[in-house]
2 protein chains.
Amino acid sequence: MANRRATQADVAALAGVSPTAVSLVLAGRTGTRLSDTVQSRVHAAAAELGYRPNLTARALSTQRSHAIGLVSDQASVSPEASALIRGALRGARAHRMTVLTAETEGDPEIQREATEALVDRGVDGLIFVASRSRVITLPEAAMRTRLVLLNARIAEDRLAVLPDEHNGARSLVDLLAQAGHRDAVAVIGAGAPELEPDVTFTVKRRLEGLWEGFAAHGITPFATVPEAEWELSTGYDGMRALLARETRPKVVICLNDRLAFGASRAIHDAGLRIPEDVSIASFDDDVIAEYVQPQLTTVSLPYVRMGELAVELLMNDDSAPGEHLVDMPVHVRRSVRGLAPTEQG
Amino acid sequence: MANRRATQADVAALAGVSPTAVSLVLAGRTGTRLSDTVQSRVHAAAAELGYRPNLTARALSTQRSHAIGLVSDQASVSPEASALIRGALRGARAHRMTVLTAETEGDPEIQREATEALVDRGVDGLIFVASRSRVITLPEAAMRTRLVLLNARIAEDRLAVLPDEHNGARSLVDLLAQAGHRDAVAVIGAGAPELEPDVTFTVKRRLEGLWEGFAAHGITPFATVPEAEWELSTGYDGMRALLARETRPKVVICLNDRLAFGASRAIHDAGLRIPEDVSIASFDDDVIAEYVQPQLTTVSLPYVRMGELAVELLMNDDSAPGEHLVDMPVHVRRSVRGLAPTEQG
DNA sequence: GTTGCTTGCTAAGGCGCTTTAGCAAGAATT
DNA sequence: AATTCTTGCTAAAGCGCCTTAGCAAGCAAC
């Protein structure tokens, strides 16, 4: 029952033509002068045998695998980054590419092995994805290959897909200003960009966008509470510290959703209401943004789109080199007073 | 600079031996009577040229790709299921296998195409992963191939990896009983197994394990609140309903963490404390189990291990067919009175 | 001194596909 | 009637590897 897959030779034999003819016809080549008779005989035979091409053989022959390698650090651990992968898979499907996946779990040695294995398999290109936007280093084998960095940068000037943090942050401030929030604005997570030298380049851009917006709208950020770890507890503590001040903040921008989640709880515990007493907005559009009441207004990280774009850049031979930034749309939900939600809250 | 990769022929030329010799030596074949001289010349030449085998050619020649195809429904969407994939990737690495990934987004047509593409690439086996344990259907192309179902079953009796829901549930009840909780026990999410005909087979087993435990310990589940959708709000409402009863439940078993999350909030809102007033335990060990205060005692779904096992079964020619169940360990955290947490809470 | 075994290595075919060059027969040209 | 063009198709080589069969030389045996 488990009889051999039919090959082109089998089709040729059944159709009574040469293997060459089969190849030509099934490839849909134009300009070959094969008669209609032959064409239809080939198609019929192929259908009868359930012929499917052997992609390995084709790859060997054409030197193109129609496959791309995806090397992630620990992307499938974090929900955010699995969105990157989902986007890449979607993009790959659109380009009829197969994706070979490897996960390094952060180990450079594993990364090297995985990269080499993928290159040895003849992938047409590589995508390196980082779960947090980082400057990463790549194994040497990667550098000889067409590659795209997804949510990451390397020292060299290679194709990279990154979120447009600057404009995302800026447009959040614009929205807040437009809703009338121009004073008593606080930031939890970091201070002005010039005060934060040690921050990753993406966070830096996020801060620059915010402070550019503040400047443009004459906003003096009321109080900032820099915290190292962006976790629930720091958000909670940060918010409590803010609430203990003389003037209570009316808008709090948290640098990520976890901070906002903690801050929300602190606001709630203080007997205050969101957004009536305090408005809150944040970054990332993490799933937990929907677990808070009311749901968070947050600047979303467009991971899926980024993943798709990575594949597009990889496939397009004349992609402009360097960074490609993807819009970070503001998801307006109910946590900001004066803004009409764009989705059901 | 981007000069051709060295082939065995190049190595042979440099070493002054035949390509056959190179193949034999580099394959580490024993029993070939090649002299030490030849062996070392080959190794030296290979090293000098940085020779790496072309895996596509090898696959074509040996009819083994050393690759497995992973078809997920929407696994990389859900954090739980991305753990399945992580496990599979880990297992694949251990077996020096490459993983070709495809995502169907639930569309049977995409599933068929993806499966065929993977088979056309000559994968040595297929893993189908479902984000919720389900009975799934597979495209015909899959059935001719060696395959493992990960977190899923099909009608036919094929290799399948599933969580051991029955024993997981049973051991939770055992633990609760051991901690002295034998009355005022409530369940949120579903009723006794015989009352729930429409539930998926995994949930069925979970219920059977629970009720078996109840019977063994003489526990009469105090009240059950069946709800269709296992969401926060239903957990919240369910708990409120329970709290409105005459006798207040002392232990609540939620059938998943989201329910527990909602229930926790209801308990908190009612001015009660966990675990002093009400103990709570649930299933899944979702990330949100750590977002609740106190952190949830929950029966964990061993996704990573399941993923690893799937690869092991696939690679092992004489795996016993049928279902392979993986233990569901109870993660004891602080939400149950009388149980010492096994991890920091 | 033919036969036979061992040792050390290579020739060559095959995996299934693509692609280039080219063959044979008829049609068009001179 | 010989030459050149088309037309319609196929032979054959090549992608890079693995593997089987077998060759040549040296040695042992009869």
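Note: hydrogens, waters and symmetry copies are ignored here, and every other heavy atom, side chains too, is used. Just so it is clear: chains get the letters A, B, ... in the order the sequence lines come, proteins before strands, and each one is counted from 1.
Taking atom NE2 of A:H66 as the reference point, atom C1' of C:dT18 lies 12 Å away to the nearest angstrom. We find that CG of B:D10 is positioned 13 Å from C1' of D:dC17, with the value rounded to whole Å. One interatomic measurement links the two molecules: CZ of B:R121 to P of C:dG16, which rounds to 17 Å at whole-angstrom precision. Between B:R64 atom CZ and D:dC17 atom P there is a gap of 19 Å when expressed in whole angstrom units. Rounded to an integer number of Å, the gap from A:Q8 CD to C:dT19 P is 11 Å. Atoms CZ (A:R41) and P (D:dG8) sit 14 Å apart, rounded to a whole Å. In this structure, B:L60 places its CG atom 13 Å from P of D:dT19, rounding to the nearest Å. As rounded to whole Å, 11 Å separates atom C1' of C:dG8 from atom CD of B:Q39.
Put simply, B:Q63 has no side-chain N or O that comes within less than 4.0 Å of OP1 or OP2 on D:dC18. Within the structure, a side-chain polar atom (N or O) of A:S35 is placed less than 4.0 Å from OP1 or OP2 of D:dC9. OP1 or OP2 of D:dC18 sits under 4.0 Å from a side-chain N or O of B:S23. The phosphate of C:dT19 has OP1 or OP2 within less than 4.0 Å of a side-chain N or O from A:R29. Remark: A:R58 is in phosphate contact with C:dT18, judged by side-chain N or O atoms under 4.0 Å from OP1 or OP2.
Side-chain atoms of B:D124 come within 3.5 Å of backbone atoms of B:H66 as a donor-acceptor pair (strictly under, hydrogens ignored).
Side chain B:T56 to base D:dG16: no donor-acceptor pair is found below 3.5 Å. In terms of polar N and O atoms assigned as donor or acceptor, the side chain of A:S61 never comes within less than 3.5 Å of the base of C:dG16 in a complementary pairing. For C:dA11, its base never sits under 3.5 Å from the side chain of B:S18 at any donor and acceptor pair.
Ranking D:dC9, D:dC17, C:dC17 by closeness to the A:V38 side chain, first place goes to D:dC9. For A:N54, whose side chain is taken as the heavy atoms from C-beta onward, the closest listed nucleotide among D:dA11, C:dT10, C:dC17 is C:dC17.
A:E140 CD: 12 or fewer foreign heavy atoms inside a 6.0 Å radius. Within 6.0 Å of CZ on B:R158 lie more than 12 heavy atoms contributed by other residues, nucleotides or ligands.
Using a 4.0 Å heavy-atom criterion, one finds that A:T7 contacts the sugar-phosphate atoms exclusively. Among the heavy atoms of the strands lying under 4.0 Å from A:L24 is at least one base atom, whether or not backbone atoms are also near. Within 4.0 Å of B:P53, counting heavy atoms only, lie sugar-phosphate atoms of the nucleic acid but no base atom.
Under the 4.0 Å criterion applied to side-chain N and carboxylate O atoms, A:E48 and A:R41 are not assigned as salt-bridge partners. By the 4.0 Å N-to-carboxylate-O rule, A:R86 lies too far from B:E105 to be salt-bridged with it.
Across every non-hydrogen atom of B:Y303 and B:S131, the tightest pair is OH-O, 4.4 Å.
In terms of position along DNA chain C, the nucleotide closest to B:T37 lies nearer the 5' end than the nucleotide closest to the other residue of the pair B:T37 and B:T62. Heavy-atom distances to DNA chain C give each of A:P19 and B:D36 a nearest nucleotide, and the one nearer the 5′ end belongs to B:D36.
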